[in-house]
Participant: 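Following this message is one structure expressed as structure tokens.
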Number of protein chains: 2
Amino acid sequence: MELQNTLVKKPQPVPEPTVRRMPSYLTILHRLHDEHVLFVSAPQLARQLNVDPTQVVKDISYTGITGRTRVGYGVDELIGGLEEFLGFNRKHEAFLVGAGFLGSALMQYQGFREAGMKIVAAFDTDKKKIGTEVAGIPVFDLEKFRDLAGRLHITIGIITTPASVAQQIADLMVGWGIKAIWNFTPIALKVPSNVIIQDTHIYANLAVMLNKLAAIKEEI
Amino acid sequence: MELQNTLVKKPQPVPEPTVRRMPSYLTILHRLHDEHVLFVSAPQLARQLNVDPTQVVKDISYTGITGRTRVGYGVDELIGGLEEFLGFNRKHEAFLVGAGFLGSALMQYQGFREAGMKIVAAFDTDKKKIGTEVAGIPVFDLEKFRDLAGRLHITIGIITTPASVAQQIADLMVGWGIKAIWNFTPIALKVPSNVIIQDTHIYANLAVMLNKLAAIKEEI
DNA sequence: TCTTAATAAAGAAAAAAATCTTTAATTAAT
DNA sequence: ATTAATTAAAGATTTTTTTCTTTATTAAGA
């Protein structure tokens, strides 16, 4: 009974807020690395990120990296630990469907490469877009998705289509072997439980900001 | 003593997760409105959004809109209540600093107008960008920010600059009367407490997705 | 060498959020 | 009219996340 416990992989009890903070740690660590700083303490990181120092310690502990009392964490070691944990040091190739404004913006946005993700092709049903390139990324007919995804072993799909066709595209992606879908439409996609959905609701942050702004204006 | 309680405005105890979900409700409600549906129940909304029905009821209760047993909420009334609560029915004009890929993408992205926000001008220090237009929005020299913001009474600033100058831009914005900053850089900006900071960390969602994806692959 | 101060780490407590339970209302069907 | 089913709403419970507390370590300074 107890043996089992040691054999079975721990079921990933890492809090999502922790995972969300980790890229921020990486940002700071990369800057420190560039400044040839060798060690950094949790309170130092905490000050720069406006979070609680013990929070930082806890978050870092999930990577398995340990620090030294009165010294802190080795900057390079911590970078390695975080990138390993987040999978940023692996290569993730993704297909994007919907080469409109938002889709094009994501293609032009170079930054994802730092996280190991590369959009290798885009797909659309608009004849005017098919055959063009955005930031060096070719835009194909959606028809070609299945064949290319299979041959290139693509597991990540990005949906930046109009909301009205999002579920349809998601269904197709699932059938074509996609394991994780990054959804930028405001639709709650229904997919089998073994497929990961990551929603990015552009309005959510805007809503929070406008709400806070309204609260301040009411006080006056 | 108790009088005070009735006079003093309630201190906005609306949970942020609630505010973040509200735009999703609006998305569905707008579709229902277009389909000429007059009423919708909390369980119906909950099913479409994959959230708990009681969660929906609680979230909606913050808008002050009440539903009718066995009928649900009036679609139009609820749209009005949510938009009023979120401030989406007001006009919010914003200035954007940093007309690079990300900044241009935000300018081209029409969707924010549905939330009442309009980017009326962009600013950059790059001579090649100054004088151009992106999606009909003019790009000015950063020098002109102060004057224009004052004259147009702009209260929202969007920062899409390189991380290295983000704090600098934020300091300028604060000095120029900006009350809310939507920050797309990975920097934790330091501003006076009366200025609202809304961070959108592009990597955070990606990190969560890659992390889940890695967890699934480990299981195999 | 000894003392002091800073810090990682583990655990406890508190706060926040989500979920579950109960109640009461009321519509629709019989 | 009566009954049954649905649902909003309020409150309780549970879970999750953050913050606080304590302990032990150890580098730097006296």
Side-chain angles (χ1 to χ4, degrees), chain A residues 10-22 24-25 28-29 32 37-75 77-78 81-82 85 188 199 201 204 207-208 211-212, chain B residues 10-22 24-25 28-29 32 37-75 77-78 81-82 85 188 199 201 204 207-208 211-212:
Chain A
K10 53 186 168 184
Q12 190 87 6
V14 182
E16 185 168 316
T18 291
V19 178
R20 297 184 69 85
R21 280 188 293 268
M22 284 179 172
S24 302
Y25 299 146
I28 294 183
L29 289 165
L32 292 173
V37 176
L38 297 179
F39 292 93
V40 64
S41 71
Q44 279 176 288
L45 288 171
R47 246 170 281 133
Q48 293 210 47
L49 289 164
N50 294 329
V51 298
D52 192 90
T54 60
Q55 187 75 267
V56 175
V57 172
K58 271 205 179 129
D59 288 345
I60 291 175
S61 73
Y62 287 107
T63 67
I65 304 294
T66 55
R68 284 163 60 199
T69 301
R70 257 197 91 115
V71 174
Y73 304 89
V75 169
E77 188 190 7
L78 192 46
L82 284 166
F85 181 87
D199 292 312
H201 291 146
V208 173
N211 183 249
K212 286 183 193 159
Chain B
K10 53 186 168 186
Q12 190 87 7
V14 182
E16 185 168 316
T18 291
V19 177
R20 298 184 68 85
R21 279 187 294 268
M22 285 181 172
S24 302
Y25 299 146
I28 294 184
L29 289 165
L32 292 174
V37 176
L38 296 179
F39 292 93
V40 65
S41 71
Q44 277 176 291
L45 287 171
R47 246 170 280 133
Q48 293 210 46
L49 289 164
N50 294 328
V51 298
D52 192 89
T54 60
Q55 186 75 265
V56 175
V57 172
K58 273 207 177 126
D59 288 346
I60 291 175
S61 74
Y62 288 107
T63 66
I65 304 294
T66 56
R68 284 161 61 197
T69 303
R70 254 197 95 118
V71 174
Y73 304 89
V75 169
E77 187 190 6
L78 193 46
L82 285 165
F85 181 88
D199 293 312
H201 291 146
V208 173
N211 183 251
K212 286 183 194 160

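Each chain gets a letter, A, B and so on, in the order its sequence line appears, and its residues count up from 1.
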Participant: Measure from the side chain of B/P17, starting at C-beta and using heavy atoms only, and say which of D/dT7, C/dT7, C/dA18 lies closest.
Facilitator: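 Selected nucleotide: C/dA18.
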Participant: Taking any heavy-atom pair under 4.0 Å as a contact, classify B/V71: base, sugar-phosphate, or nothing.
Facilitator: sugar-phosphate
Participant: Rounded to the Å, how far apart are A/Q55 CD and C/dA15 P?
Facilitator: 16 Å
Participant: Tell me the interatomic distance from B/R70, atom CZ, to C/dT26, atom P, rounded to whole angstroms.
Facilitator: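 In whole Å, C/dT26 P and B/R70 CZ are 13 Å from each other.
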Participant: Using a heavy-atom cut-off of 4.0 Å across all strands, would you classify A/R21 as base, sugar-phosphate, or nothing?
Facilitator: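 The answer is sugar-phosphate, as A/R21 gets under 4.0 Å only of primed atoms, P, OP1 or OP2.
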Participant: Have a look at A/S61 and say if it touches a base, only the backbone sugar-phosphate, or nothing, with a 4.0 Å heavy-atom cut-off.
Facilitator: nothing
Participant: Could you check how far CG of B/N50 sits from C1' of C/dT19, rounded to whole Å?
Facilitator: 16 Å
Participant: Within the structure provided, determine whether A/F85 and A/V14 are in side-chain contact (heavy-atom separation under 4.5 Å).
Facilitator: yes
Participant: Taking CD1 from B/I60 and P from D/dA10, how many angstroms apart are they, rounded to a whole number?
Facilitator: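 One finds 13 Å between P of D/dA10 and CD1 of B/I60, rounded.
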Participant: How close or far is atom P of D/dT16 from atom CG of B/D52, stated in whole angstroms?
Facilitator: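 Spelled out: CG on B/D52 to P on D/dT16 is 14 Å.
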Participant: Rounded to whole angstroms, how far apart are OH on A/Y62 and C1' on D/dT16?
Facilitator: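 The distance from OH of A/Y62 to C1' of D/dT16 comes to 11 Å, rounded to the nearest Å.
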Participant: For C/dA9, does either OP1 or OP2 sit under 4.0 Å from a side-chain N or O belonging to A/Y73?
Facilitator: yes
Participant: Taking atom CD1 of B/I60 and atom CG of B/L82, what is their separation to the nearest 0.5 Å?
Facilitator: 6.5 Å
Participant: Can you tell me the distance, in whole Å, between the NZ atom of B/K58 and the C1' atom of D/dT7?
Facilitator: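 My rounded result for the distance is 15 Å.
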Participant: Classify the nucleic acid contact of B/T54 as base, sugar-phosphate or nothing, counting any heavy atom under 4.0 Å across all strands shown.
Facilitator: base
Participant: Could you tell me whether the side chain of A/T63 reaches within less than 4.5 Å of the side chain of A/M22, counting heavy atoms only?
Facilitator: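 A side-chain contact under 4.5 Å exists here.
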Participant: Does the side chain of A/R68 get closer than 4.0 angstrom to OP1 or OP2 of D/dA27 through an N or O atom?
Facilitator: yes
Participant: What is the distance, rounded to the nearest whole Å, between atom CG of B/D59 and atom P of C/dA16?
Facilitator: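 Computing the B/D59:CG to C/dA16:P distance gives 17 Å.
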Participant: Heavy-atom distance under 4.5 Å between the side chains of A/V75 and A/L38, does that happen here?
Facilitator: no
Participant: For B/P43, answer base if it contacts any base atom (sugar-phosphate contacts may also be present), sugar-phosphate if it contacts only those atoms, and nothing otherwise; contact means non-hydrogen atoms under 4.0 Å.
Facilitator: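 Answer is sugar-phosphate: B/P43 comes under 4.0 Å of backbone atoms only.
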Participant: Categorize A/T18 for me: base, sugar-phosphate, or nothing, with a 4.0 angstrom heavy-atom threshold over every strand shown.
Facilitator: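 No contact.
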Participant: Counting C-beta onward and ignoring hydrogens, is there a side-chain heavy-atom pair between B/Y25 and B/V56 closer than 4.5 Å?
Facilitator: yes
